[in-house]
Amino acid sequence: MTARPLVLITGASRGIGAATARMAAARGYDVAITYHRDAHAAEAVLRDCRASGARAEAFRGDIALDADIAHIFSGCAERLGRITHFVNNAGVTGDNGRLDGAAPETLRRCIDLNVTGAILAAQAAIRVMAPRHGGEGGAIVNVSSMASSLGSPNEYVWYAASKGAIDALTVGLSKELAPDGIRVNAVAPGLIETDIHAPGRLERLGPTTPLGRAGRAGEVAEAILFLLSDAASYVTGTILKVSGGR
């Protein structure tokens, strides 16, 4: 019997990460997820994944902390085995507002998690997946945002800047890791129905998109699963917009 591929998804107790975990399990992956605080939400994701026939485990940790990243990856190896796919999803925006009114801790938390944490998590994944480290290659999908190209003025330009870094990481790693048989791509979600948005934001901006509505987490998960899959075997270094044309 062929072993199921194993995907690790950070920040997957809710939103896009949770939708991706459930979809991956239904499509033949075993699944590891990380969460920061909401153990009950993570357990609900695990139940659904296991109901689809997948082995599934959750690991608590803060992706901004290198010690937590190390704990997550070692725990995954011990309980599920060597990952073949990685979704770099964990992230925060911080409170909405102008940059000149933002608290330093808001800016630091965003960059520590969205940039430094994402880079460290990608590094840990490479050290498992690359043939030079005993792996067999695979695929990485980073979760960026349309904010990286729109800039998010008067909302969270620091978050937009953090996702610009993810775009650069994607392009650079795709070239660096191609000889290792690891494809690296990103998705850039637009207005998606998750709790990352301030109250009323989706209702206000959704109708202004060319498709006239906000997107659903499952629609982003579809794009992620495509980029993880062999159907995207000649796709690397791509940042796929999932934004309703925005």
Side-chain angles (χ1 to χ4, degrees), residues 9-18 20 34-38 61-69 72 86-125 140-174 184-206 208-209 214-215 217 220 223-224 238-244 246:
I9 307 165
T10 63
S13 61
R14 54 189 179 173
I16 291 169
T20 302
T34 78
Y35 69 99
H36 189 199
R37 294 189 181 92
D38 197 340
D62 185 348
I63 299 299
L65 302 177
D66 50 352
D68 283 14
I69 293 171
I72 288 163
F86 178 59
V87 180
N88 212 355
N89 172 68
V92 293
T93 61
D95 295 333
N96 280 21
R98 289 169 51 95
L99 179 60
D100 54 8
E105 55 267 26
T106 295
L107 309 183
R108 290 195 179 95
R109 174 60 180 167
C110 180
I111 299 305
D112 286 350
L113 177 57
N114 296 11
V115 181
T116 307
I119 293 171
L120 289 171
Q123 180 188 60
I140 293 172
V141 177
N142 296 317
V143 178
S144 180
S145 171
M146 286 300 297
S148 67
S149 55
L150 297 174
S152 298
N154 302 306
E155 292 186 313
Y156 29 62
V157 296
W158 54 89
Y159 173 75
S162 76
K163 292 303 185 177
I166 293 301
D167 292 351
L169 175 69
T170 299
V171 173
L173 274 185
S174 72
V184 184
N185 293 288
V187 294
L191 293 159
I192 307 299
E193 294 172 352
T194 70
D195 59 8
I196 199 170
H197 298 282
R201 186 172 188 265
L202 292 173
E203 293 77 11
R204 175 170 52 88
L205 295 178
T208 70
T209 67
V220 183
I224 293 171
T238 291
I239 301 165
L240 178 57
K241 295 179 179 180
V242 188
S243 65
R246 189 165 184 253

Test of understanding: with side chain to side chain donor-acceptor pair (under 3.5 Å), list the residues that count as partners of Glu155, not counting sequence neighbours. Arg201
The criterion is side chain to side chain donor-acceptor pair (under 3.5 Å); which residues satisfy it with Arg14, sequence neighbours excluded? Asp195
Where do Thr170 and Asn142 land on the side chain to side chain donor-acceptor pair (under 3.5 Å) test, with the steps shown first? CA-CA 7 Å; Thr170 299; Asn142 296 317; 2.9 Å; yes
Smallest heavy-atom separation, Ala217 atom then Thr194 atom, equals CB-CG2, 4.5 Å
With Ala122, which residues qualify under side chain to side chain contact (heavy atoms under 4.5 Å, CB included), at least two apart? Asn88, Leu173
Sequence-distant partners of Ala168, side chain to side chain contact (heavy atoms under 4.5 Å, CB included), two or more places apart: none
Given Val115 and Leu169, is the side-chain contact (heavy atoms from CB on, under 4.5 Å) satisfied, shown in steps? CA-CA 9 Å; Val115 181; Leu169 175 69; over 6 Å; no
When you look at Leu107 and Ile111, which way does the side-chain contact (heavy atoms from CB on, under 4.5 Å) test go after all the steps? CA-CA 6 Å; Leu107 309 183; Ile111 299 305; 5.5 Å; no
Restricting to side chain to side chain donor-acceptor pair (under 3.5 Å), what partner residues turn up for Ser148, sequence neighbours left out? Asp167
Enumerate the residue pairs fulfilling side chain to side chain donor-acceptor pair (under 3.5 Å) with a member in residues 110-119, sequence neighbours excluded, ordered by first and then second residue. Asn114-Ser162
Hey, is the main chain of Val143 close enough, under 3.5 Å, to the side chain of Lys163 for a donor-acceptor pair? yes
CG of Leu191 to OG1 of Thr208: how many Å apart, nearest 0.5 Å? 6.5 Å
Partners of Arg204 by side chain to side chain donor-acceptor pair (under 3.5 Å), sequence neighbours excluded? none
Beyond-backbone contact of Ile16 with Pro189, side-chain heavy atoms, under 4.5 angstrom: yes
Between OG1 on residue Thr34 and CG on residue Asn89, distance to nearest 0.5 Å: 8.0 Å
Scan the side chains in residues 91-98 for donor-acceptor partners under 3.5 Å anywhere in the protein, sequence neighbours excluded, and list what turns up.
{"residue": "Arg98", "atom": "NE", "partner": "Asp100", "partner atom": "OD1", "Å": "3.1"}
{"residue": "Arg98", "atom": "NE", "partner": "Asp100", "partner atom": "OD2", "Å": "3.4"}
{"residue": "Arg98", "atom": "NH2", "partner": "Asp100", "partner atom": "OD2", "Å": "2.9"}

Can you name the ring pair (Phe, Tyr, Trp, His ring centres under 6.0 Å) partners of Tyr156, sequence neighbours left out? Tyr159
Who pairs with Asp62 by side chain to side chain contact (heavy atoms under 4.5 Å, CB included), at least two apart in sequence or on another chain? His36, Ala64, Leu65, Asp68, Arg109, Leu113
Run the side-chain contact (heavy atoms from CB on, under 4.5 Å) test on Arg246 and Leu205 for me, step by step, so that the C-alpha distance in whole Å, both residues' side-chain angles and the decisive distance to 0.1 Å come before the verdict. CA-CA 10 Å; Arg246 189 165 184 253; Leu205 295 178; 3.9 Å; yes
Who are the side chain to side chain contact (heavy atoms under 4.5 Å, CB included) partners of Ala125, not counting sequence neighbours? Phe73, Ile83, Phe86, Met129
Whether the side chain of Asn185 engages the backbone of Val141 through a donor-acceptor N/O pair (distance < 3.5 Å, no angle test) should be reported. no
Between Ile72 and Ile63, does the side-chain contact (heavy atoms from CB on, under 4.5 Å) criterion hold? Intermediate values first, please. CA-CA 9 Å; Ile72 288 163; Ile63 299 299; 3.8 Å; yes
When you measure from the side chain of Ser174 to the backbone N and O of Val184, does any donor-acceptor pair fall under 3.5 Å? no
